[in-house]
Amino acid sequence: PPCKARLYTNHWAVRIAGGPEVADRIAEKYGYRNMGQIGDLKDHYHFFHSRTIKRSTLSSRGRHSFISMEPKVEWIEQQVVKRRIKR
Amino acid sequence: DYKPVPPLSQTSPAQNSVAQNNIFYNDAKWSSMWYIHCSDDVHNCQSDMNIMGAWKRGYTGKDVVVTILDDGIERTHPDLSQNYDPQASYDVNSNDLDPMPRYDATNENKHGTRCAGEVAAAANNSHCIVGIAYNARIGGVRMLDGDVTDMVEARSLSLNPQHIDIYSASWGPDDDGKTVDGPATLARQAFENGIRMGRKGRGSVFVWASGNGGRSRDHCSCDGYTNSIYTISISSTAESGRKPWYLEECSSTLTTTYSSGENYDRKIITTDLRHRCTDSHTGTSASAPMAAAIIALALEANPSLTWRDVQHIIVKTSRAGHLSASDWKTNAAGYNVSHLYGFGLMDAEAMVKEAEQWKQVPAQHVCVETADRQISRTIRPEHLVRSVYKATGCSDNANLKVIYLEHVVVRITITHPRRGDLSINLTSPSGTKSQLLANRLFDHSMEGFKNWEFMTTHCWGEKAAGDWILEIYDTPSQLRSQKVPGKLKEWSLVLYGTSVHPYSTQQKDRFIDPLQPEDEFTEEYNGPCDTECNENGCEGPGPHHCINCLHYFLKFKNNTRMCVSECPSGFFRDDRKRCKKCSSMCETCVGSRSDQCMSCRTGYHLIEGSNTCAVSCADGFYLDSDSNICRRCQENCRRCSASNVCTECKPGMSLQGHKCQMTCNPGTYFNGHRRTCELCHRACATCAGTGIEACTKCADGYLLEDWRCVLTCSPGYYLSELTSDNGQVQRFCKKCDNSCFECLGPGELNCSSCNSGYNLEAGTCVVSTVCKDESWAEGGFCVLVKKNNLCQRRVLQQLCCRTCSQKG
């Protein structure tokens with residue numbers, strides 16, 4: 001049977017007000033790479049961290065986790081692999 | 001405004017269809033596209049999606065953009081390259097602009113290409129098929145061929161929303177019958193942004209394939225994508241109108257298109273990977289792109305339709321036709337709806353006709369009514385929890401007020417040891433019952449539901465205010481080990497709709513024939529109309545003077561009509577808002593047949609299950625006086641009392657307690673699990689179950705010893721005989737007296753052998769030890785020991801050796 005545990009990736013979705021420059025600065029400060037805005041969702045950015053585990057059943061913890069303490073970071077979520085099937 | 005009809009056939013007359021003005025294309029599989037050629041004599045199908053009718057009106061999807069969110073799109077396919085739109089495409093998995101699928105030996109990534117062909121395969125290019133919107137622009141987003149995260153979904157759903165009109169998705173959470181999952185934060189945000197700002201403020205249209213978990217007894221209300229008010233959830237029907245094996249049912253389904261079904265049903269043909277053509281495309285994945293294409297035709301007819309206008313038009317024009325479902329009902333707004341098919345089969349021509357003259361519906365209002373927050377209600381096994389909430393429709397707030405319903409959402413939190421044992425129903429103030437959740441056999445989760453939103457479309461058009469009834473049933477499955485009760489923690493009702501009638505702005509121009517002399521017209525009436533007349537006015541003050549009715553009408557034998565707010569008793573409303581007569585025995589009904597009664601006239605009772613009325617309840621039924629319904633007795637019961645206590649069983653059954661069980665021959669017993677008579681153990685003449693311990697009477701040659709049947713009495717037992725009143729001698733083994741090891745009869749004087757430490761003397765077991773010195777206990781104490789037959793206890797025997805050794 002498919003694994004029921006959550007599978008965390010090394011991608012994060014972040015909501016940062018202030019524009020792409022602010023997002024770039026915060027990403028660089030904590031070792032992330034800002035991959036750009038998520039689709040058409042304003043102020044939502046895709047952050048990638050190359051030094052965290054690519055797939056893990058545990059959410060990632062480390063110095064990079066302190067990003068959530070940044071005042072301009074309104075929301076952050078480590079991305080989880082979802083099981084999706086074609087119908 | 002003239003729109004040219006697509007080009008006619010240039011091939012030989014033999015290839016033309018029978019009707020003179022039918023369209024013909026030279027695409028290889030054109031003649032096999034039975035769902036398009038419905039109306040001709042060759043392909044004849046029972047209900048038509050009227051795609052040809054929409055084409056003849058000039059609508060082919062021109063300037064409409066559709067994107068397929070899937071595993072990629074073969075943009076080089078000869079049937080797709082003409083209409084391919086790179087601006088409607090992206091590769092989210094590889095983060096580049098090219099959505100070409102990844103090729104492998106198994107052709108795993110064929111799905112998106114198959115979906116795309118149904119929408120916009122080019123017409124008359126000799127290749128494969130013709131897409132339903134064959135002039136639409138088609139793109140694809142490669143997003144399933146890799147890790148699918150919330151972000152991947154959101155990026156896909158929010159791709160170029162000012163350019164893309166329709167997003168079609170034929171995927172979702174697992175249809176294994178035990179998953180509850182839906183869009184997460186970002187995907188939900190993408191939906192909300194899309195309907196608010198997409199298509200330059202008119203709202204993106206999201207089309208979603210309903211679940212394919214029919215075999216797993218799945219329920220599409222556990223899929224948050226199809227359950228969303230922002231998506232148009234699409235069901236499938238086979239050519240025969242029967243439910244396909246993969247279909248799930250739920251109250252969030254809006255409409256249906258054709259797909260494949262059983263082996264004898266015709267298939268859907270579409271473009272396949274590697275430039276091929278296939279008839280293997282199946283499931284609701286074949287239906288959603290069809291629906292997307294039909295919506296594209298409607299958007300071409302009227303590009304200013306909003307996302308809600310599209311849903312309104314679908315509700316108004318979809319038809320039950322020959323689609324087979326046991327739960328078709330007419331809601332209070334006059335729409336036929338079922339849990340399998342929503343409002344029925346899509347009708348492309350009717351949709352484009354409505355779209356042409358459509359006026360936007362009023363703004364959506366959202367009214368949140370928090371029903372039960374303070375009190376936690378226990379859900380006991382095999383019991384029902386009913387919660388009634390009197391909704392006002394937020395009538396005190398003009399910005400939130402909902403009078404005419406669209407979607408209804410119930411947000412609910414339940415704790416329960418086995419989620420699949422739950423079923424939930426919601427009944428609207430007008431009496432329309434939606435099954436929000438059915439039992440799911442394979443869902444053994446203990447997680448319950450946490451603020452899960454169940455959605456129903458079945459109350460569309462009804463009034464919002466009034467009593468809403470939520471019912472939760474717990475039907476414990478045999479697999480459930482704990483009968484721990486669940487709890488309804490809280491629930492709230494979210495009503496979506498409008499405060500103004502959605503169609504009150506629809507204008508219909510009155511036809512005026514310029515050739516008719518003026519004095520042929522009656523003088524125009526300018527006075528007030530009856531309240532039951534709609535906006536088209538009237539020719540007099542009475543309800544029979546209305547040009548069109550607001551609600552329903554009665555038609556009389558002299559061909560006159562009268563508008564009414566509700567159909568009177570003894571009438572039902574059909575899908576054209578006409579009040580028609582019920583069968584003579586019905587008081588209320590859903591049709592004119594005698595098996596379509598909902599309640600009966602005085603003197604008659606409704607028969608449960610058959611919806612017929614009868615003077616008295618037949619065998620096998622009892623009268624429930626409270627509801628005036630003849631309800632079924634228990635299984636195998638022939639007659640039962642008014643409180644459903646069985647009094648007589650069917651032939652071959654016998655009443656045991658209050659239940660009827662099969663009467664089994666002597667030597668056999670009724671196995672309730674397998675529901676058959678099975679042989680008793682050979683030692684039993686009759687028994688209550690399997691094994692030698694279940695004998696109730698011993699077979700010949702066997703003796704009853706305690707609860708067992710034995711051939712000879714065990715040591716410690718003696719053979720006893722008892723003569724019954726009818727002279728029959730019963731032989732059985734009885735336990736010897738405690739003082740004997742073995743015996744020949746009852747009492748302490750019939751021992752035949754003794755326990756160690758005792759000697760047999762004249763049939764009695766006496767202590768055999770030689771007493772040493774007289775112990776301190778000899779005397780009254782030891783007399784008491786002997787009197788109470790405690791000399792057999794070794795300690796006391798030694799202590800009172802002398803006294804115990806004495807006879808007597």
Side-chain angles (χ1 to χ4, degrees), chain A residues 1-17 19-20 23-24 26-27 30 32-50 52-60 64 67-68 73-87, chain B residues 70-71 90 92 95 108-112 114-115 143-144 146-162 169-176 179 181 183-187 189-190 192-194 197-198 204 208-213 225 236 246 282-288:
Chain A
C3 179
K4 290 289 184 192
R6 287 164 71 96
L7 284 177
Y8 293 89
T9 66
N10 53 358
H11 298 263
W12 277 258
V14 193
R15 185 171 170 175
I16 295 175
D24 284 339
I26 293 173
Y30 293 95
Y32 294 90
R33 187 151 54 108
N34 181 10
M35 307 297 286
Q37 185 173 293
I38 297 172
D40 207 49
L41 303 183
K42 194 169 169 297
D43 289 343
H44 289 80
Y45 300 93
H46 169 194
F47 278 14
F48 167 66
H49 202 298
S50 59
T52 59
I53 300 173
K54 192 174 176 185
R55 286 182 124 198
S56 170
T57 54
L58 299 170
S59 64
S60 182
H64 61 278
I67 189 175
S68 56
V73 172
E74 295 172 7
W75 172 84
I76 182 164
E77 190 170 80
Q78 187 174 7
Q79 293 297 288
V80 169
V81 177
K82 290 174 173 291
R83 183 166 158 79
R84 294 287 179 259
I85 55 137
K86 299 170 200 174
R87 290 176 172 156
Chain B
D70 214 289
D71 54 14
Y90 196 76
V92 175
N95 209 26
E108 183 189 343
N109 297 301
K110 55 186 178 287
H111 201 247
R114 291 180 171 191
C115 290
M143 44 81 63
L144 292 180
D147 286 344
V148 180
T149 62
D150 184 26
M151 186 157 54
V152 165
E153 291 179 6
R155 286 180 72 186
S156 309
L157 291 166
S158 61
L159 176 72
N160 215 346
Q162 303 314 322
S170 295
W171 50 266
D174 221 326
D175 291 331
D176 57 1
T179 299
D181 195 9
T185 313
L186 295 172
Q189 191 69 53
E192 283 168 20
N193 282 8
M197 297 183 296
S204 302
W208 221 275
S210 182
N212 259 6
Y225 298 88
S236 300
Y246 46 81
T282 181
T284 52
S285 290
S287 283

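Worth knowing before you read on, the calculation uses all heavy atoms, side chains too, and leaves out hydrogens, waters and symmetry mates. Below, chains carry the letters A, B, ... as their sequence lines are ordered, and counting in each starts from 1.
Remark: A/R84 engages B/E153 in a salt bridge, criterion side-chain N to carboxylate O under 4.0 Å. Comment: B/D181 does not engage A/R83 in a salt bridge, judged by the lack of any side-chain N to carboxylate O separation of less than 4.0 angstrom. Salt bridge status for B/D70 with A/K86: absent, with no side-chain N to carboxylate O gap under 4.0 Å.
For B/P173, the parts sitting under 4.5 Å from any heavy atom of chain A are the backbone and the side chain alike. With a threshold of 4.5 angstrom between heavy atoms, B/S210 approaches chain A through N, CA, C or O but not through any side-chain atom. Only the side chain of A/R55 has a heavy atom closer than 4.5 Å to any heavy atom of chain B. For A/W75, the part lying under 4.5 angstrom from a heavy atom of chain B is the side chain only. Interface residue A/V81: backbone and side-chain heavy atoms are both found under 4.5 Å from chain B. Proximity to chain A (any heavy atom under 4.5 Å) is restricted, for B/N193, to the side chain, taken from C-beta onward.
At least one side-chain heavy atom of A/E77 sits under 4.5 Å from a side-chain heavy atom of B/T185.
Atom CG of residue A/L41 and atom CG of residue B/L157 lie 9.0 Å apart, to the nearest 0.5 angstrom. If you take CE on B/M197 and CG on A/D40, they are separated by 6.5 Å, rounding to the nearest 0.5 Å. Taking CG from B/L186 and NE2 from A/H44, the interatomic distance works out to 5.5 Å, rounded to the nearest 0.5 Å.
Checking side-chain atoms of A/Q79 against main-chain N and O of B/M151 turns up a donor-acceptor pair under 3.5 Å. A donor-acceptor pair is defined here as one N or O able to donate and one able to accept, closer than 3.5 Å; such a pair exists between the side chain of B/N212 and the backbone of A/R87.
Remark: B/A286 pairs with B/E118, B/S259, B/I268, B/H281 by the side-chain contact (heavy atoms from CB on, under 4.5 Å) rule, at least two apart or across chains.
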